Amino acid sequence: MTRVVLSAAAFSADAELSRFARGRTAATGALASFVGYCRATSDHGAVEEIVLDHYPGFTEKEIERLSRAVAERRELIDLLVIHRIGAVPAGEPIVLVAALSSHRAAAFAAVSEMMDYLKTDAPFWKREQGPDGARWIDPTAADYARREEHAK
Amino acid sequence: MTRVVLSAAAFSADAELSRFARGRTAATGALASFVGYCRATSDHGAVEEIVLDHYPGFTEKEIERLSRAVAERRELIDLLVIHRIGAVPAGEPIVLVAALSSHRAAAFAAVSEMMDYLKTDAPFWKREQGPDGARWIDPTAADYARREEHAK
Amino acid sequence: MTRILFFGRLRDAAGASEMACELPASLRTVADVRAWIGARDPELGAALGAPGVRIAVDQVFATDDAPASGAAEIAFMSPLSGG
Amino acid sequence: MTRILFFGRLRDAAGASEMACELPASLRTVADVRAWIGARDPELGAALGAPGVRIAVDQVFATDDAPASGAAEIAFMSPLSGG
């Protein structure tokens, strides 16, 4: 089971995680989760907001495909991915990934993998808006390296 | 910064995580967390509850020591560990570990490491109570192997 | 009519997020379409051929030799940068 | 008086979670204390010496050769099994 949401509005990571956790079964031993926030500074300076472009239809489909692959490979009970699109002011959550599993190793691996895929394989184009204007952000070499780890 | 709580009463993982997340700073880019639940079945059969013995004073001190080591090594903004003691009925959270960090790799690593240490190095003694009586639970070979990974 | 879409830095290079074109029937593959765009705007053509650029035809990832004739939508995407 | 504490399976082996003892002055190390317990209860003595058993003296992890005289609290712990 997987659920993928692209949200143009702010979402409450707490409330979403709380709802997701209530879906656990008697076999659920582990909930791993990750929330990524828009930081107020980057390697390039002050950040007022991040703007995430996406490809309507295609982006959802690709993330759903990646999610299903991770959920199957890790035999998850449930997987949730929520990702902002559009402008995200500094301090707000950009992404939430959460996995319910029988055992902790699978839950950790699933969330970590899913985040790495989102960084390199999800159809998003991100730019930082700061006082000096906007800058496109590319995945880093470290992002690609982590993705390759999972592909092994 | 680290916070360690041993709780004889049920705790709300949602509420604790929500409170912890509010402590984030403008530099916080990542919140990784893990909740471990008491499963209704184990490799040995049905589980009604898990009973966790601890060594008052010593257990807190050891977990605080492990937490500080992880928080320093991973340069965390904050680390939270909540662990039940006493009887934990099936379905309830046993442990919550959460880390706030600038970057996701450090947050993931910290939570995963802390969980592995809790499994093998925290002074808890766990027994499963099922319909056929109580069974002591030892860490598995996989638990020890994961701990060794971090020690490298 | 075929919608040609540009994402990320390629949107800046194209000066638009999309354009609607009547593609000549002679364009058979994705590579043909790119060359045709490049003939009209060499700078954009070069950007579309840069390393890391990914292409989707009718919302499916495609390679240079994929058929493009009859496509409703061809997307040129800069390296993805999610999360 | 010294409190001797037993945790995990060792509590079952000792039949008690703790006992209060006046340790003979001749017992200098943790190993001496274990041997002294074993002399009175060989089965418990063997359990205390099993692989994986950890010992704390006054709430600090200790090895067999650590001094035990004057200790207020000596804990014998089965392999830990948290989380």
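What you see is a predicted model, and the numbers here were worked out from it, not measured in a lab. In what follows, every chain begins at residue 1, and chains take the letters A, B, ... in the order their sequences are listed.
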With heavy-atom distances below 4.5 Å as the criterion, would you say the side chains of D/Phe7 and B/Pro123 are in contact?
no
Assess the residue pair B/Tyr55 and D/Gln59 against the criterion (side chain to side chain contact (heavy atoms under 4.5 Å, CB included)); give the C-alpha distance rounded to whole Å, side-chain angles, the decisive distance to 0.1 Å, and a yes or no.
CA-CA 9 Å; B/Tyr55 182 175; D/Gln59 305 215 342; 3.5 Å; yes
Are B/Trp136 and D/Ser78 close enough, and set up right, to give a side chain to side chain contact (heavy atoms under 4.5 Å, CB included), and what steps lead you there?
CA-CA 10 Å; B/Trp136 288 104; D/Ser78 312; over 6 Å; no
Could you pull out all residues at least two apart from B/Ala134 that satisfy side-chain contact (heavy atoms from CB on, under 4.5 Å)?
B/Arg127, B/Gln129
Any heavy-atom pair between the side chains of B/Phe58 and D/Val60 that's under 4.5 Å?
no
Count the heavy atoms of every other residue, nucleotide or ligand shown that sit under 6.0 Å from CZ of B/Arg135, and state whether that count exceeds 12.
yes
Crowding at CD, D/Glu18 (>12 non-hydrogen neighbours, <6.0 Å)
yes
Test side chain to side chain contact (heavy atoms under 4.5 Å, CB included) on B/Asp53 and D/Met77; report intermediate values, then the result.
CA-CA 11 Å; B/Asp53 290 350; D/Met77 301 179 265; over 6 Å; no
Are D/Leu80 and B/Phe124 side-chain neighbours, meaning at least one heavy-atom pair lies under 4.5 Å?
no
With a 4.5 Å cut-off on side-chain heavy atoms, are D/Phe61 and B/Glu62 touching?
yes
